[in-house]
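Working notes, structure below.
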Amino acid sequence: MDYKRKINNKCWYALLMLLMFVGYIGCTTLFPHNHLINGRAVTHSHPYADSPESPTHSHSQAQFSMIAMLSTFVATVTNISVALGAFFTLSAIILHAAKQHTAKSADTSLSLRAPPAM
């Protein structure tokens, strides 16, 4: 019973993560737009109502600061995750190779054959 509940919770968690990923990819792909702030183009994406009365929208300086902080956070977390994933993968490969080498050398060193006589 507990095992089935654990699997069910994992399925719901995986479904939630998939939904969040699809939503993120959808927003970044479907709603990108630019703002000119002090002569510099700021590009970001989020859904907004593009109506004929208001073809553009604006953000406050605090909102732009929040967008910049969130972008920095996402980039940092992504880079750290990729680096840790690569580190753990390489560590597992090296440890597996070391265990294989140790097992092979242990097999060859345990010989009951006597040394050659001269």
Side-chain angles (χ1 to χ4, degrees):
M1 175 70 180
D2 189 43
Y3 180 72
K4 287 182 180 180
R5 177 179 282 168
K6 188 179 281 190
I7 289 177
N8 195 18
N9 287 343
K10 284 183 181 181
C11 288
W12 281 110
Y13 180 70
L15 185 63
L16 175 66
M17 295 303 286
L18 179 65
L19 184 65
M20 288 175 57
F21 178 75
V22 168
Y24 174 75
I25 294 298
C27 282
T28 57
T29 304
L30 299 175
F31 303 108
H33 56 277
N34 298 325
H35 297 279
L36 286 175
I37 306 295
N38 297 331
R40 296 182 67 188
V42 176
T43 303
H44 67 280
S45 61
H46 59 84
Y48 68 97
D50 191 13
S51 64
E53 305 88 41
S54 164
T56 63
H57 70 281
S58 62
H59 297 285
S60 68
Q61 188 61 36
Q63 289 172 332
F64 279 122
S65 296
M66 179 61 74
I67 290 168
M69 285 189 283
L70 288 173
S71 296
T72 302
F73 175 75
V74 168
T76 303
V77 168
T78 301
N79 288 335
I80 290 172
S81 299
V82 168
L84 285 176
F87 173 75
F88 287 127
T89 302
L90 288 174
S91 297
I93 291 170
I94 291 170
L95 287 175
H96 180 70
K99 286 180 183 178
Q100 292 291 333
H101 179 70
T102 303
K104 286 180 182 178
S105 64
D107 289 343
T108 59
S109 66
L110 295 175
S111 176
L112 298 176
R113 182 175 174 263
M118 295 225 166

- To which residues is Leu18 joined in a hydrophobic cluster, defined by side-chain heavy-atom contacts under 4.5 Å among Ile, Leu, Val, Met, Phe, Trp and Tyr, whether direct or through other members?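 Result for Leu18 is Val22.
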- Message: Which residues end up grouped with Leu90 if you chain together Ile, Leu, Val, Met, Phe, Trp and Tyr wherever their side-chain heavy atoms are less than 4.5 Å apart?
- Response: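 Other cluster members: none.
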- Partners of Ser60 by side-chain hydrogen bond (donor to acceptor under 3.5 Å, both in side chains), sequence neighbours excluded?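 Applying side-chain hydrogen bond (donor to acceptor under 3.5 Å, both in side chains) to Ser60 gives none.
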- Query: Of all residues at least two apart in sequence or in a different chain, which pass the side-chain hydrogen bond (donor to acceptor under 3.5 Å, both in side chains) check with Asn38?
  - Reply: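 So Asn38 forms no side-chain hydrogen bond (donor to acceptor under 3.5 Å, both in side chains) with any residue.
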- Residue pairs, two or more places apart or on separate chains, that pass ring-ring contact (aromatic ring centres under 6.0 Å, His included) and touch residues 59-95: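 Listed once each, the pairs are His35-His59, His35-Phe64, His44-His59, His46-His59, His57-His59, His59-Phe64.
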- Scan for ring-ring contact (aromatic ring centres under 6.0 Å, His included) pairs involving residues 10-31, sequence neighbours excluded, and state none if there are none.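 Passing the test, one end in residues 10-31: no pairs.
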- Message: Checking Thr76 now: which residues fulfil side chain to side chain contact (heavy atoms under 4.5 Å, CB included) with it, not counting sequence neighbours?
- Response: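 For Thr76, the residues satisfying side chain to side chain contact (heavy atoms under 4.5 Å, CB included) (neighbours in sequence not counted) are Thr72, Ile80.
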- In chain order, what residues pass the side chain to side chain contact (heavy atoms under 4.5 Å, CB included) check against Ser45, with sequence neighbours excluded?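 Ser45 satisfies side chain to side chain contact (heavy atoms under 4.5 Å, CB included) with Thr28, Pro32 once adjacent residues are dropped.
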- Query: Got a second to check how far Leu16's CG is from Cys11's SG, nearest 0.5 Å?
  - Reply: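 Going from CG on Leu16 over to SG on Cys11, the span is 13.0 Å.
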